[in-house]
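One structure below.
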Amino acid sequence: MMAALQARLERTSSTRSAALLRIGLALLLWERFGNFYVPFAYTLDPLRLLLSVPFWVFTACMLVGYRAQLATASTAIVLLVSWFSLGVFGDIGDFIHHHTWLMVLATVWLAFTPCGTSLSVDRWFAVRDATRNDAPIPLEEGPDWGLLLIALQVSAVYWWGAWDKTSWPFLSGDRLSMLVMHQYTGFRVTGWAFDLIMAFGAWAVVIVEYALPFGLFVRRWQPFATVAGIALHAVIYLTLPVGPFSAVMLLLYLAYYHPDDIHQGIETLLGRPPSP
């Protein structure tokens with residue numbers, strides 16, 4: 001087992017998965033945190049003003065892939081400082097929400113990947129310099145153990161989410177019926193048919209959340225697990241005000257798939273022959 005773990009930690013593969021995660025996370029960070037870092041809106045709050053400049057600079061560099069790994073690490077530091085200063089000590093609820101904490105940790109783990117080796121300004125510079133010097137074009141490869149950290153983080157979200165729901169108040173459908181009352185009806189719906197639907201939905205959610213942490217790691221199960229995960233998050237997104245949480249979770253599914261498979265998929269979409 002230790003040998004298998006060591007081999008996994010030493011594995012190198014395509015960096016396109018990490019690059020896609022870098023681009024997607026930068027955009028989702030803008031969507032989720034952008035309103036907190038608009039400089040002109042918080043000129044009377046020195047801390048937010050101080051954090052706003054590095055946030056926009058580093059996430060912009062992260063998006064286009066300029067000094068990408070350093071920009072991602074710097075973004076992670078800004079988010080961690082914001083988490084503690086504005087969330088834990090500043091009591092701003094959005095910063096200490098578990099959904100936003102997932103985005104912060106995903107950025108931290110992504111900083112351990114060579115996420116600028118593909119789809120980036122860094123890549124453009126590398127190819128340009130190699131061409132000018134008649135040197136071989138650098139490969140889009142690097143260690144991918146940082147992706148494993150992201151995948152484990154997503155699996156932890158599913159596992160502990162299911163664990164929290166493994167109680168009679170949820171499995172009986174009571175908590176779902178309360179959500180229906182709070183979000184839609186304004187009153188408690190009664191009736192055996194409604195109770196049966198709520199109980200079925202509760203059990204379905206728990207079963208899927210217990211299965212996904214493992215199914216997404218098994219290569220032959222990944223297509224089925226991905227479809228189940230997409231369906232779960234589509235329902236959550238369309239029925240509850242969860243913000244970008246569903247988009248973040250589905251984006252992070254890239255960490256489960258072998259990066260070389262993602263690379264070959266992109267090549268196929270571009271009409272290029274598969275690599276030998």
Side-chain angles (χ1 to χ4, degrees), residues 9-34 37 51-80 82 102-151 153-154 244 247-275:
L9 294 176
E10 294 176 351
R11 189 181 78 179
T12 60
S13 58
S14 171
T15 52
R16 289 194 184 176
S17 292
L20 290 172
L21 285 167
R22 186 196 78 239
I23 294 168
L25 269 177
L27 293 172
L28 288 168
L29 287 171
W30 283 358
E31 196 282 333
R32 185 65 185 86
F33 295 114
Y37 295 109
L51 290 169
S52 68
V53 175
F55 173 81
W56 291 110
V57 170
F58 294 144
T59 52
C61 291
M62 183 178 166
L63 177 65
V64 301
Y66 177 69
R67 303 291 179 91
Q69 192 166 4
L70 177 61
T72 303
S74 300
T75 299
I77 292 172
V78 171
L79 293 174
L80 287 170
S82 300
L102 171 65
M103 300 178 72
V104 174
L105 285 181
T107 307
V108 172
W109 306 142
L110 187 63
F112 291 101
T113 69
C115 55
T117 311
S118 298
L119 308 175
S120 64
V121 172
D122 292 345
R123 172 67 179 174
W124 185 80
F125 284 152
V127 172
R128 183 199 62 181
D129 293 343
T131 303
R132 286 178 177 177
N133 298 321
D134 293 326
I137 301 297
L139 297 175
E140 296 178 76
E141 290 184 356
D144 61 12
W145 59 269
L147 297 179
L148 178 60
L149 296 178
I150 295 175
Q153 184 69 47
V154 174
V248 173
M249 290 292 283
L250 295 180
L251 171 69
L252 298 183
Y253 277 20
L254 286 169
Y256 289 97
Y257 283 82
H258 196 293
D260 290 343
D261 293 341
I262 302 296
H263 187 111
Q264 293 296 347
I266 294 174
E267 293 295 287
T268 300
L269 288 174
L270 296 175
R272 297 171 182 169
S275 300

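Keep in mind the model is a prediction, meaning the values are calculated, not measured.
- Here the CD1 atom belonging to Ile266 is positioned 4.5 Å from the CG atom belonging to Leu20, to the nearest 0.5 angstrom.
- Separating the CG atom in Leu252 from the CE atom in Met249 is a distance of 7.0 Å, to the nearest 0.5 Å.
- Between atom OG1 of residue Thr113 and atom CG of residue Asp144 there is a gap of 9.5 Å, rounded to the nearest 0.5 Å.
- The nearest pair of heavy atoms linking Gly116 to Ala68 is CA-CB, 3.3 Å.
- When every heavy atom of Arg123 is checked against every heavy atom of Thr117, the shortest pair comes out as CD-O, 3.2 Å.
- Residues Gly142 and Pro114 come closest through the heavy atom pair CA-CG, 3.9 Å.
- Residue Tyr66 places its OH atom among 12 or fewer non-hydrogen atoms of other residues, nucleotides or ligands, all under 6.0 Å distant.
- Going from atom OG1 of Thr72 over to atom CZ of Arg67 covers 13.5 Å, rounded to the nearest 0.5 Å.
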**Prompt:** Can you list the steps and then say if Trp30 with Phe55 is a side chain to side chain contact (heavy atoms under 4.5 Å, CB included)?
**Reply:** CA-CA 9 Å; Trp30 283 358; Phe55 173 81; 4.0 Å; yes
- Candidate pair Phe58 and Ile77, rule side chain to side chain contact (heavy atoms under 4.5 Å, CB included), full reasoning: CA-CA 10 Å; Phe58 294 144; Ile77 292 172; over 6 Å; no
Applying side chain to side chain contact (heavy atoms under 4.5 Å, CB included) to Leu25 and Met62, what does each step give before you reach the verdict? CA-CA 9 Å; Leu25 269 177; Met62 183 178 166; 3.9 Å; yes
**Study point:** Steps toward side chain to side chain donor-acceptor pair (under 3.5 Å) verdict (Glu140, Ser118)
**Key:** CA-CA 6 Å; Glu140 296 178 76; Ser118 298; 2.7 Å; yes
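- Rounding to the nearest 0.5 angstrom, the gap separating the CZ atom in Phe112 from the CG atom in Leu110 is 10.5 Å.
- Minimum heavy-atom separation, Asp260 to Ser13: OD1-CB, 3.5 Å.
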**Verdict with supporting geometry, His263 and Glu141, side chain to side chain contact (heavy atoms under 4.5 Å, CB included)** = CA-CA 10 Å; His263 187 111; Glu141 290 184 356; over 6 Å; no
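- Considering every non-hydrogen atom in both Pro54 and Val78, the closest pair reads CB-CG2, 3.9 Å.
- To the nearest 0.5 Å, atoms CG (Leu63) and CZ (Arg22) are separated by 7.5 Å.
- At least one side-chain heavy atom of Arg11 sits less than 4.5 Å from a side-chain heavy atom of Pro259.
- Here the closest non-hydrogen pair linking Trp56 and Gly34 is CZ2-O, 3.6 Å.
- Of the listed residues (Thr107, Thr59, Val108, Leu51), just one forms a side chain to side chain contact (heavy atoms under 4.5 Å, CB included) with Leu79, and that residue is Thr107.
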